[in-house]
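Reading through the structure tokens given below for one structure.
Everything numeric in this text was worked out from a predicted model, so none of it was measured. Remember, it's 1-based here, ligands and their atoms both numbered in the order they're listed.
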Amino acid sequence: MTKPPLTLYLAAPRGFCAGVDRAIKIVEMALGKWGAPVYVRHEIVHNKYVVDDLRAKGAIFVEELEDCPDDRPVIFSAHGVPKAVPAEAARREMVYVDATCPLVSKVHIEAERHANNGLQIIMIGHAGHPETIGTMGQLPPGDVLLVETPEDVATVEVRDPAKLAFVTQTTLSVDDTADIVAALQARFPAIVGPHKEDICYATTNRQEAVKAMAPKADAMLVVGAPNSSNSKRLVEVGARAGCAYAQLVQRADDIDWRALNGISSIGITAGASAPEVLINEVIDAFRARYDVTVDVVETAQENVEFKVPRVLREPA
Ligand code: 0CM
Ligand code: SF4
């Protein structure tokens, strides 16, 4: 039987970013150095395949430090942790390695610097997301105000409108965040902040690629996890850029082939925590059903790499 033709637009950049790559390498290095088990506080990155693979190699994933024993190393996830977490690990004389992405740490430092200058911080982020919890947790509880929407900006109660700064989560929608920043600047003209926001290069580039790809494609799939903020944003960006069907899939099994019936093109991208092996699995699933022609939609080239700490400290 002949297969129907399909143009497969492949977004570039897509998939792993430098922070994810570094965080995974840190867990692998810790396992190599100290052997199993090594504890990881929270999913090292938001991807089940990555987590399952590291679990098979001897990592134990827990949500809280209190779920870790004193005498095994613990690694903090790429999303960052409140200051209280390393402080508690040090108090318990635990060995810990911080796999927080350097671009998240940069925001932590920014927030602290503004607070030291007497400014109250407003964070733009998603309530309950570990990165938001970690960044807000750089300062004492209650000090940082959270806004999620322009509506929140209208009602937020600040100490002194003349002494404000804002920071953001790194994995937000660039366009939504611009609206929230504009609302903050309109209500609080003296507010200080980064040049635009703190969204990282990987998030920005993946959204740009989707904007270029989505209008051409009959449907679009984002390989990523339901708890991955940057991956979910790619689905929204695709839908807003004019793609009639945009869905998140964790892997090929999740593809709803009935919903794709009749398409002649598909756009594929992946969140910053989705490994290339899963992207290839999805592409192969299309090749099995269609006569696929791949067309790469490249809007940027990335050459960012973060150093992995060379020496991991010995357990006491
Ligand atoms: O923050 P997000 O939910 O997008 O995390 P992720 O693990 O999917 O992606 C990488 C990161 C960070 C920080
Ligand atoms: Fe770092 Fe951005 Fe990757 Fe998050 S998505 S780990 S902030 S580079």
**Separation between OG of S265 and CG of L6, rounded to the nearest 0.5 Å** = 7.0 Å

**Request:** Assign the ring pair W257 / Y290 to parallel, tilted or perpendicular, where the plane angle (0 to 90°) is split at 30° and 60°.
**Result:**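 Geometry flag for Y290 against W257: tilted rings.
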
**Message:** Closer than 3.5 angstrom, by distance alone: can the side chain of D218 be matched with the main-chain N or O of S264 as a donor-acceptor pair?
**Reply:** yes

**Request:** Spell out, as yes or no, whether a donor-acceptor pair under 3.5 Å connects the side chain of S228 to the backbone of H46.
**Result:**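 Checking the backbone N and O of H46 against the side chain of S228, no donor-acceptor pair under 3.5 Å is found.
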
[atom] - nearest protein heavy atom and its distance:
{"atom": "atom 6 (P) of ligand 1", "result": "S273 OG, 3.5 Å"}
{"atom": "atom 9 (O) of ligand 1", "result": "N230 ND2, 3.1 Å"}
{"atom": "atom 5 (S) of ligand 2", "result": "C200 SG, 3.6 Å"}
{"atom": "atom 7 (S) of ligand 2", "result": "T170 OG1, 3.3 Å"}
{"atom": "atom 8 (S) of ligand 2", "result": "C17 SG, 3.7 Å"}
{"atom": "atom 1 (Fe) of ligand 2", "result": "C101 SG, 2.3 Å"}

**Item:** Whether N227 lies under 4.0 Å from ligand 1, heavy atom
**Value:** yes

**Request:** Check if A78 has a non-hydrogen atom at a distance under 4.0 Å from any atom of ligand 1.
**Result:** yes

**Request:** Tell me, with the steps shown, if R287 and D284 meet side-chain contact (heavy atoms from CB on, under 4.5 Å).
**Result:** CA-CA 5 Å; R287 285 195 198 282; D284 287 344; 4.2 Å; yes

**Item:** Audit row: V294, V296, side-chain contact (heavy atoms from CB on, under 4.5 Å) steps and yes/no
**Value:** CA-CA 6 Å; V294 175; V296 176; 4.3 Å; yes

**Message:** If we set the cut-off at 4.0 Å for heavy atoms, which region of A78 has an atom near ligand 2: side chain, backbone, both, or neither?
**Reply:**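 Neither part.
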
**Asked** Counting heavy atoms only, which of H79, H42, H129, Q169 comes nearest to atom 11 (C) of ligand 1?
**Response**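 The nearest heavy atom belongs to H79.
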
Identify, by atom number and element, the atoms of ligand 1 in contact range of [X], meaning under 4.0 Å from any of its heavy atoms.
{"X": "V20", "answer": "10 (C)"}
{"X": "V45", "answer": "7 (O)"}
{"X": "S229", "answer": "2 (P), 3 (O), 4 (O)"}

**Prompt:** Heavy-atom count around N261 CG within 6.0 Å, excluding the residue itself: above 12?
**Reply:** no

**Crowding at OH, Y49 (>12 non-hydrogen neighbours, <6.0 Å)** =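 No, because the 6.0 Å sphere around OH of Y49 holds 12 heavy atoms or fewer from other groups.
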
**Request:** Begin from the C-alpha positions of T100 and D98 and carry the test side-chain hydrogen bond (donor to acceptor under 3.5 Å, both in side chains) through to its verdict.
**Result:** CA-CA 6 Å; T100 303; D98 188 355; 2.4 Å; yes

**Item:** C101, portion touching ligand 1 at heavy-atom distance under 4.0 Å
**Value:** neither

